[in-house]
Amino acid sequence: MSTKPVIYQLLPRLFGNTNAQCIPNGTIEQNGCGKLNDITPRVLRSIKDLGVTHVWYTGVIEHAHTSDYTQYGIPRHNPYIIKGKAGSPYAITDYYDIDPDLAVDVPKRMEEFEDLVARTHDAGLQVIIDFVPNHVGRQYHSDAAPAGIEDLGAGDDNTLYFGHNNNFYYIPRQLFAPNIDLGHGKGAYTEFPAKATGNDCFSAFPGQYDWYDTIKLNYGVDYGDGTRHFHPIPDTWLKMLHILRFWAAKGVDAFRCDMVHMVPLEFWSWAIPNVKERFPRVQFIAEIYDVALYRNFIHAGFDYLYDKVNLYDTLRAVQCYNHSAATITNCWQTVDGISEHMLNFLENHDEQRFGSEQYAGDPAKVIPSLVVSAMIATGPMMIYAGQEIGEQAADAEGYSGQDGRTTIFDYWSIPTVRRWLNSGHCDGAGLTPREKWLRERYATILHLCNSEKAISQGRFFDLMYVNYDNPDLNPHRQYAFLRSYGTETLVIAVNFDSQPVDLKINIPRHAFEVLNLPQGQTVTTDLLSGDTMRKDFSQGRTFDTFVGPYDAVVWKIKHKNIMGEEPIKRRKSAKKG
């Protein structure tokens, strides 16, 4: 059976923190920090009960932080070049180590990670971690690398802006002088010569909104004249391949690769096959924000790509800016032929929470967006810890202000997650009835992703082209489509409106032809509510359904139950989504 990945993203630093009295800009001593060991078998079973297949552990590799671990031989990082007290998980300071903040016993931090991988696998879940290829923390130094592995930058010629085998880019003869406070005296951060900053800022003077806490890695592209130097293989390529293989050998099942379009495509075309040669089960997920590059990165070997600038942005526009729901049709057309590679989501650590004031304002309005994201295609669906219980990110945590996002820079806890965990009992005893209801809805929808082959493996048919002038379906606020596999078909309709609707959905002859569907009267079941009703499923007759405000229906039709005409002889293939 083909499994549709359902991914649960969590930051261990936040996830397991039970401190309900966190203070803005608090230290680890003041606010506490979640640990890898907090993710117990019971926690993992509860996550799996949502319908989840993979857990993405975000921020587990050592990154810049202000806490002091010098007693364990870990160099202290300069606080002036760190974002927040906890630091960015994407300012990696040692690719071969686990972040000590996450360990109960710091010297055994790698063992604690290996145990987490084993627990996750024992729970029937797969493990995803970040691979951050484009940049590292400003004070990168590996004290945990295997013997014989040279540190990044150790062999660089820092008199050169670009060197084929340099790991970094340099601004020769210039002191690093960003538009932020670097401190004074012995505690000041100094860097000479300056190195280029991670967001392609090739200057010694990045601003406060640049990624000033990171250094850009050199993959053989001379950004000064645009030339590319990939033969012989650049040193950075070899070092990054070793890092990928190191973590794959730890049992990691997939890498979520950060900002892949900032790294040359040629590297991915070389590195991914080299990893899969030794670890064929390992998958690669690309964070990417350019639709024009989607097919190139799939061809390079990526299994899945973020569909942020296509489906996510469209659903947000429908929800927040009164854009027409009919524009969803453009989304599947944009990725037609590669839809099985698209990873859909409504939240992650970079985006505002769906229920926040800055997004929908009410987490209960999520059902239509969730159903479309989860069911429009066979590719993965991802949710972010707390999303399933309506986390609204209303706190101003410190470095991360009150911006509708859950901080990645501060020592903090997530109110909804904290109450759901209930000191490790995972019984939701601290949740409100509304939060419990929402979690049940998420579980129902996410379970359907794999319990229904029409969703995990089936074909897709958009019904909107025959409903644009339908007086009983408003294409600006409702969207309808079919999913079909074998002898089962799903009629799916969502309502983005605040008012309930009685829909009369036109289903064209073409749908019956390409999906090879029988026609007639049938008993159908709504998989979301459990309601069972007799309905017409025929061309020339509308498929009638009630849909509540901000709600959806998923009517399941078993072909053997249809009393009427035989299937129309199939003439062509349907779109597979």
Side-chain angles (χ1 to χ4, degrees), residues 60-65 69-77 90-100 102-103 105-117 127 129-160 162-170 195 198 214-220 229-253 255 257-258 263-264 266-282 284:
V60 298
I61 297 177
E62 185 183 344
H63 54 269
H65 51 259
Y69 294 100
T70 52
Q71 62 179 306
Y72 303 106
I74 302 171
R76 190 162 192 179
H77 303 141
Y90 296 94
I92 301 294
T93 52
D94 188 345
Y95 277 118
Y96 291 98
D97 209 353
I98 292 297
D99 196 83
L102 305 181
D105 186 347
V106 173
K108 295 183 177 180
R109 56 195 179 276
M110 185 60 77
E111 292 175 40
E112 292 184 12
F113 173 75
E114 293 167 347
D115 289 344
L116 174 61
V117 171
V127 173
I129 67 168
D130 288 284
F131 174 57
V132 187
N134 176 63
H135 50 268
V136 294
R138 213 87 212 178
Q139 293 181 296
Y140 184 90
H141 169 67
S142 178
D143 50 46
I149 298 300
E150 184 184 60
D151 219 2
L152 284 167
D156 282 8
D157 180 350
N158 64 15
T159 66
L160 301 174
F162 168 81
H164 173 261
N165 278 320
N166 277 2
N167 298 134
F168 302 129
Y169 296 94
Y170 297 87
K195 303 180 185 73
T214 67
I215 302 168
K216 173 81 173 178
L217 284 168
N218 170 16
Y219 282 82
H229 305 265
F230 302 147
H231 303 287
I233 293 171
D235 183 70
T236 302
W237 289 30
L238 297 169
K239 286 177 175 173
M240 301 311 273
L241 175 61
H242 190 275
I243 290 161
L244 285 165
R245 286 173 170 169
F246 173 86
W247 291 106
K250 296 287 184 185
V252 168
D253 301 290
F255 295 100
C257 302
D258 189 70
V263 173
E266 292 85 349
F267 166 76
W268 298 114
S269 297
W270 173 83
I272 293 175
N274 270 287
V275 173
K276 291 194 174 192
E277 182 181 19
R278 294 191 187 180
F279 305 96
R281 60 180 172 74
V282 170
F284 286 79

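Keep in mind that the numbers below use all heavy atoms, side chains included, and drop hydrogens, waters and symmetry copies. Nothing here was measured: the structure is a model prediction, and the numbers come from that model.
- For His229, the ring-ring contact (aromatic ring centres under 6.0 Å, His included) test picks out Phe162, with sequence neighbours left out.
- Side chain of His135 to backbone of Thr214: no donor-acceptor contact under 3.5 angstrom is found.
- Remark: His63 pairs with Arg13, Asp99 by the side-chain hydrogen bond (donor to acceptor under 3.5 Å, both in side chains) rule, at least two apart or across chains.
- The line from CD of Glu62 to CG of Asp97 is 5.0 Å long, rounded to the nearest 0.5 Å.
- Annotation for Pro234 and Gly220: closest pair CG-CA, 4.3 Å, computed over non-hydrogen atoms.
- Remark: Leu160 CG to Phe168 CZ distance equals 15.0 Å, nearest 0.5 Å.
- For Tyr140, there are no side-chain hydrogen bond (donor to acceptor under 3.5 Å, both in side chains) partners at least two apart in sequence or on another chain.
- Of all heavy-atom pairs spanning Arg281 and Asp253, the tightest one is NH1-OD1, 3.5 Å.
- Evaluation of the salt bridge (Lys or Arg N to Asp or Glu O under 4.0 Å) rule for Arg76 yields Asp68 as partners, not counting sequence neighbours.
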Tell me which donor-acceptor pairs under 3.5 Å the side chains of residues 243-252 have, and how far apart each pair is, sequence neighbours excluded?
from, atom 1, to, atom 2, distance (Å)
Arg245, NH2, Asn274, O, 3.3
Trp247, NE1, Tyr95, O, 2.8
Lys250, NZ, Glu114, OE2, 2.7

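- Evaluation of the side-chain hydrogen bond (donor to acceptor under 3.5 Å, both in side chains) rule for Glu266 yields Arg228 as partners, not counting sequence neighbours.
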So Asp130 and Tyr90, side chain to side chain donor-acceptor pair (under 3.5 Å) or not? Walk me through it.
CA-CA 9 Å; Asp130 288 284; Tyr90 296 94; 3.0 Å; yes
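- With contacts defined as side-chain heavy-atom distances shorter than 4.5 Å, the pair Pro75/Tyr69 does not qualify.
- In this structure the side chain of Leu217 never reaches within 4.5 angstrom of the side chain of Asn134, judged on heavy atoms.
- Side-chain atoms of Gln139 do not come within 3.5 Å of backbone N or O of Thr93 as any donor-acceptor pair.
- At least one side-chain heavy atom of Val136 sits less than 4.5 Å from a side-chain heavy atom of Leu152.
- A heavy-atom distance below 4.5 Å is not found between the side chains of Arg109 and Asp105.
- With sequence neighbours excluded, the residues that form a side-chain hydrogen bond (donor to acceptor under 3.5 Å, both in side chains) with Arg138 are Glu191, Thr197.
- If you take OG1 on Thr236 and CG on Asn165, they are separated by 8.0 Å, rounding to the nearest 0.5 Å.
- Checked against ring-ring contact (aromatic ring centres under 6.0 Å, His included), Phe255 has the following partners two or more places apart in sequence or in another chain: Phe284.
- Looking at heavy atoms from C-beta onward, Ile149 lies out of side-chain contact with Ser142 at the 4.5 angstrom threshold.
- The closest side-chain heavy-atom distance from His77 to His65 is below 4.5 Å.
- Residues Val275 and Leu241 are in side-chain contact: their nearest non-hydrogen atoms beyond the backbone lie under 4.5 Å apart.
- The salt bridge (charged side-chain N to carboxylate O under 4.0 Å, His left out) contacts involving residues 142-159 comprise Glu150-Lys239, where partners must be two or more places apart or lie in separate chains.
- Within the 3.5 Å criterion, the main-chain N or O of Asn167 finds no donor-acceptor partner in the side chain of Asn218.
- Judged by distance alone, the side chain of His164 and the main-chain N or O of Phe230 form no donor-acceptor pair under 3.5 Å.
- Applying the ring-ring contact (aromatic ring centres under 6.0 Å, His included) criterion to Phe131, with sequence neighbours excluded, gives no partner residue.
- Checked against ring-ring contact (aromatic ring centres under 6.0 Å, His included), Phe267 has the following partners two or more places apart in sequence or in another chain: Tyr219, Trp237.
- Nearest heavy atom pair, residue Trp270 against residue Pro273, reads O-CD, 3.6 Å.
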